[in-house]
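Take a look at the structure set out below.
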Amino acid sequence: MGATASSRKQASDERALGSSAVEVLWAHELWENVFRFLPLRSLARAAQVCKLFSQVAWPTIIVDGALQLDENILRYLLSKRPQELRISNCPRLAHFGPAILIACPTITRLRIQGIPFTSVGIEHVARGFLSLYGRITEFSLRDCGLDDNAAAIIAECLPHAYDLTVVNLSENNITSRGLVPILDALACTRIAKLNMSGNPLRETGVAALATFLGKCASLQALAIDLVDMGNAGIERLAIAIRHNKTLRELHIAENNIDQRGIMSLARAMEENRGLRVLDLHANSIESEGCSTLANSLKKNRTLRELNVWDNRIGYAGAVGLGALLEANSTIETLNMKFNGVGPDGAISIARALQVNRSLHQLNMSYCYIGDVGAVALSRALETNTILLVLDLENNEVGDVGATKLGEALRRNNTLHQLSLPCNRIGDAGATGLAAGLAANASLSELDLSGLGKGARLIGPSGAGKLAEALLLNSALKKLVLERNYLTSEHERLFRCGSCSVRIVRPRTGAVVRRRRSRLDMTVA
């Protein structure tokens, strides 16, 4: 009987270690994980657990700069036969790491960031993972100081990586001269995702990528943010994507693309039937460029996500996006934050939401829509049954707008997340939202973080109304009230029935969690 009980306990320990402690393990928390997941009551039991822990394979190992990585620790980690290894910001690894890393043939996904490898180190890593084993599926060397010579070494090894699907060489110093041999080598692989963002590729590099798109039938995602392509580069790229049917994601943010450059892309999007995600954030397309693009996308039936935040599109651009939402039936996510569209721009978007039947997520944070814009959006929410996430952070919304949004929540039973942080909502606005929460059955997250000292904030009166609403609401799982006039003393306001409230105070604030996972609430 004793042996049987001991065997059952060992099997239980193995299951616990295999299923939770080592699924994704941060290396600097090794021993914390051992004792956190298992109830230990004796030194003998602890010794048994540590023995089991040393025998379990770790599928994923994550090491960051918090761990003082040395040769012995690295060898021990690799002895756990990981399939995925992520190492970031451990500069000492550049000296001893490459020779040790290649001794682990089980790794199929390698992600290294912020380690300045020498040319010898790059050769060790590239030849080891790309040529010697040939089982690598993801190869990422981000911000590792790679130049064109390093790119040439990697290019020599790429044809041997038959299973490679993801390559990330972003934030290095690779120019078009180093990019060309990499693209030639990738033509022999099944590459699906390529990230070359943050490299000085410029127009010539983008032209090489455009040519590659015409030949590669497997590439599904391309990220070339911050490569200084300018209008000339986007014009070359637009020609390539016009008839491309395999590329699903295109990220071209922070590339100095203005109205002239966006026109060529707009014409290409009229005919493109492959792209699902288009990210143009932090360019300079402005109102005219945004309107042109929106007008072209009316004819597009494949795009699912459009990101135009921080492009100075203004009111006219918002009108164009509103017209697009009225005509388009495929776009599910629209991010237009940091664009200052104002109240009139919000009215145009709200009008579109009343008829749109596809948009699930809308981000209009930092657009300065005020109470007028919030009222218009609240009217749209009363009839809209599609939108799931609405972000209105820092929009100068006051008590009037918040109250109207609360009225909309009474009738809307599809919205899941509503974000209103850094606005001007006080007790009156919180009271209006509370009235809506009491009758709402869909909202799971509500963010009412304040602006901090000196601004209009929610006080005990508004908090009391919110607490009363939660007695009638069983859907809300997370309520954030950071930077308001609330302290741990207001915990009593949120007591209800058998559901107790506790407050944990991290450095950034206090977290109030209601038992049974009914509510997570942050108060500071």
Side-chain angles (χ1 to χ4, degrees), residues 309-310 312 318 335-346 349-350 361-378 381 389-409 415 417-437 443-467 469-470 476 478-491 493-494 503-512 519-524:
W309 68 270
D310 194 17
R312 302 195 297 272
N335 189 337
M336 50 186 292
K337 66 179 181 180
F338 288 112
N339 272 304
V341 302
D344 292 335
I349 298 297
Q361 298 185 42
L362 175 61
N363 190 334
M364 292 186 67
S365 57
Y366 294 84
C367 282
Y368 308 109
I369 67 173
D371 280 333
V372 173
V375 169
L377 288 170
S378 68
L381 288 176
V389 179
L390 178 60
D391 191 341
L392 298 177
E393 179 180 357
N394 205 327
N395 265 298
E396 301 178 348
V397 176
D399 290 336
V400 174
T403 300
K404 289 296 183 181
L405 286 168
E407 293 178 5
L409 289 178
L415 194 69
Q417 296 179 30
L418 177 60
S419 297
L420 290 164
C422 302
N423 282 289
R424 299 175 179 176
I425 301 172
D427 285 334
T431 300
L433 285 166
L437 283 176
L443 199 69
S444 60
E445 294 187 20
L446 176 61
D447 190 344
L448 295 175
S449 302
L451 278 165
K453 186 176 180 180
R456 180 181 297 175
L457 302 172
I458 298 172
S461 174
K465 294 296 183 181
L466 288 169
L470 294 179
L476 199 68
K478 183 177 181 181
L479 174 62
V480 184
L481 291 169
E482 293 181 349
R483 299 185 299 278
N484 282 289
Y485 288 136
L486 301 175
T487 67
S488 59
E489 297 177 2
H490 297 101
E491 172 188 358
L493 296 174
F494 296 91
I503 295 182
V504 181
R505 289 193 162 277
R507 293 180 182 176
T508 56
V511 178
V512 179
L519 176 70
D520 281 345
M521 176 179 166
T522 304
V523 178

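Going from atom CG of L451 over to atom CD of E482 covers 12.5 Å, rounded to the nearest 0.5 Å. L418 contributes atom CG, which lies 9.0 Å from atom CG of D447 (distance to the nearest 0.5 angstrom). Rounded to the nearest 0.5 Å, atoms CG (L405) and CG (L446) are 10.0 Å apart.
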_Check against side-chain contact (heavy atoms from CB on, under 4.5 Å), C422 and E393_ = CA-CA 6 Å; C422 302; E393 179 180 357; 4.1 Å; yes
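With a 4.5 Å cut-off on side-chain heavy atoms, K337 and D391 do not count as touching. For the pair M364/L362, a side-chain contact is recorded, criterion being any heavy-atom separation below 4.5 Å from C-beta on. At a threshold of 4.5 Å between non-hydrogen side-chain atoms, the residues I349 and I369 do not count as touching.
Aromatic ring orientation, F338 versus W309: tilted (interplanar angle from 30° to 60°).
Taking every heavy atom of both residues into account, G401 and D371 meet most closely at N-OD1, 3.0 Å. In this structure, N339 and R312 approach most closely via the heavy-atom pair OD1-N, 2.9 Å. The shortest heavy-atom contact between N363 and S365 is OD1-OG, 2.8 Å. Closest heavy-atom contact between L443 and Q417: CD1-N, 3.8 Å. The two residues Y366 and N395 have their closest heavy-atom pair at N-ND2, 3.7 Å. Across all their heavy atoms, A346 and G373 have their closest contact at CB-CA, 3.7 Å.
For the side chain to side chain contact (heavy atoms under 4.5 Å, CB included) test, residues two or more places apart in sequence or in another chain that qualify with A469 are A434, L437, A438.
Residue L448 forms a side chain to side chain contact (heavy atoms under 4.5 Å, CB included) with just one option from N423, V480, L481, and that option is L481.
Around atom NZ of K465, no more than 12 heavy atoms belonging to other residues, nucleotides or ligands sit under 6.0 Å away.
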